[in-house]
Amino acid sequence: MNHRIKKGRKLNRSLGHRHALLRNLFTSLIMNGKLTTTLAKAKELKSFSDRNISRAKEANLSTRRKFFSLITKKEVAQKLFDKTLVGFKDQNFGFVRVVKMGRRLSDGAERARVELIGEKNEDKNS
């Protein structure tokens with residue numbers, strides 16, 4: 001028997017700290033369209049954001065309230081529903097791309113860039 005199957009990476013943090021980290025990274029990703037972080041955090045953020053963006057595509061009152069509690073800034077949640085989801089209406093998955101960037105000089109940690117795929121499509125159309 002598999003008791004308490006654990007999914008995802010622990011990132012050497014407690015549960016509350018891990019949830020806060022992912023919420024803040026997701027908010028920054030929606031706000032800026034891309035961000036640079038370590039590879040482990042980037043992989044965890046990719047699964048977190050793909051799951052949440054696919055849930056946000058329903059865009060009913062319940063999901064909007066869920067995202068206003070999930071995202072730390074209210075104007076970023078509005079941007080998610082008004083602008084970002086427009087580029088994803090034909091996609092079912094694969095909203096985020098992780099690109100490896102090499103190692104950090106100070107401690108040798110692997111870095112990665114996390115990008116919203118729909119953001120580049122919006123920039124080309126504008």
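Taking NZ of K83 as the reference point, atom CD1 of I30 lies at 13.0 Å (rounded to 0.5 Å). Once rounded to the nearest 0.5 Å, the distance linking OG1 of T37 with CG of L45 reads 8.0 Å. The NZ atom of K43 lies 12.0 Å from the CG atom of L11; values are rounded to the nearest 0.5 Å. In this structure, OG1 in T36 is found 10.5 Å from CZ in R104, a value given to the nearest 0.5 Å.
The closest side-chain heavy-atom distance from V114 to V99 is not below 4.5 Å. Two residues are said to be in side-chain contact when any heavy atoms from C-beta on lie closer than 4.5 Å; F93 and S54 fail this criterion.
Remark: N12 CG is loosely packed, at most 12 non-hydrogen atoms of other residues, nucleotides or ligands lying under 6.0 Å away. Within a 6.0 Å radius of NZ in K89, no more than 12 heavy atoms belonging to other residues, nucleotides or ligands are found. Remark: L15 CG is packed, more than 12 non-hydrogen atoms of other residues, nucleotides or ligands lying under 6.0 Å away.
Nearest heavy-atom pair across L35 and L29 is CD2-N, 3.6 Å. Residues A112 and V98 approach most closely at CB-CG1, 3.9 Å, considering heavy atoms.
Placement of F68 and I53 in two distinct hydrophobic clusters is found when ILVMFWY residues are connected by side-chain heavy-atom separations under 4.5 Å, directly or transitively.
Remark: the backbone N or O of L39 is not paired with any side-chain donor or acceptor of E110 at under 3.5 angstrom. D107 places a side-chain N or O within 3.5 Å of a backbone atom of A109 that can act as its donor or acceptor partner. The main-chain N or O of M31 is found under 3.5 Å from a side-chain atom of K79 such that the two form a donor-acceptor pair. For the pair Q91 (side chain) and G94 (backbone), a donor-acceptor distance under 3.5 Å is present.
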Atom pairs and distances, donor-acceptor, side-chain atoms in residues 16-27, under 3.5 Å, two or more places apart:
residue : atom : partner : partner atom : Å
R18     : NH1  : K10     : O            : 3.2
R18     : NH1  : R13     : O            : 2.9
R23     : NE   : L70     : O            : 2.7
R23     : NH2  : S69     : O            : 3.2
R23     : NH2  : L70     : O            : 3.4
N24     : ND2  : A20     : O            : 3.2
T27     : OG1  : R23     : O            : 2.8
T27     : OG1  : T72     : N            : 3.3
T27     : OG1  : T72     : OG1          : 3.3

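Sorted by first then second residue, the salt bridge (Lys or Arg N to Asp or Glu O under 4.0 Å) pairs that include residues 49-73, not counting sequence neighbours, are K46-D50.
Checked against side chain to side chain donor-acceptor pair (under 3.5 Å), R111 has no partners two or more places apart in sequence or in another chain.
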task: Run the numbers on N52 and F67 for side chain to side chain contact (heavy atoms under 4.5 Å, CB included), then give the verdict.
output: CA-CA 9 Å; N52 284 314; F67 276 89; 3.8 Å; yes

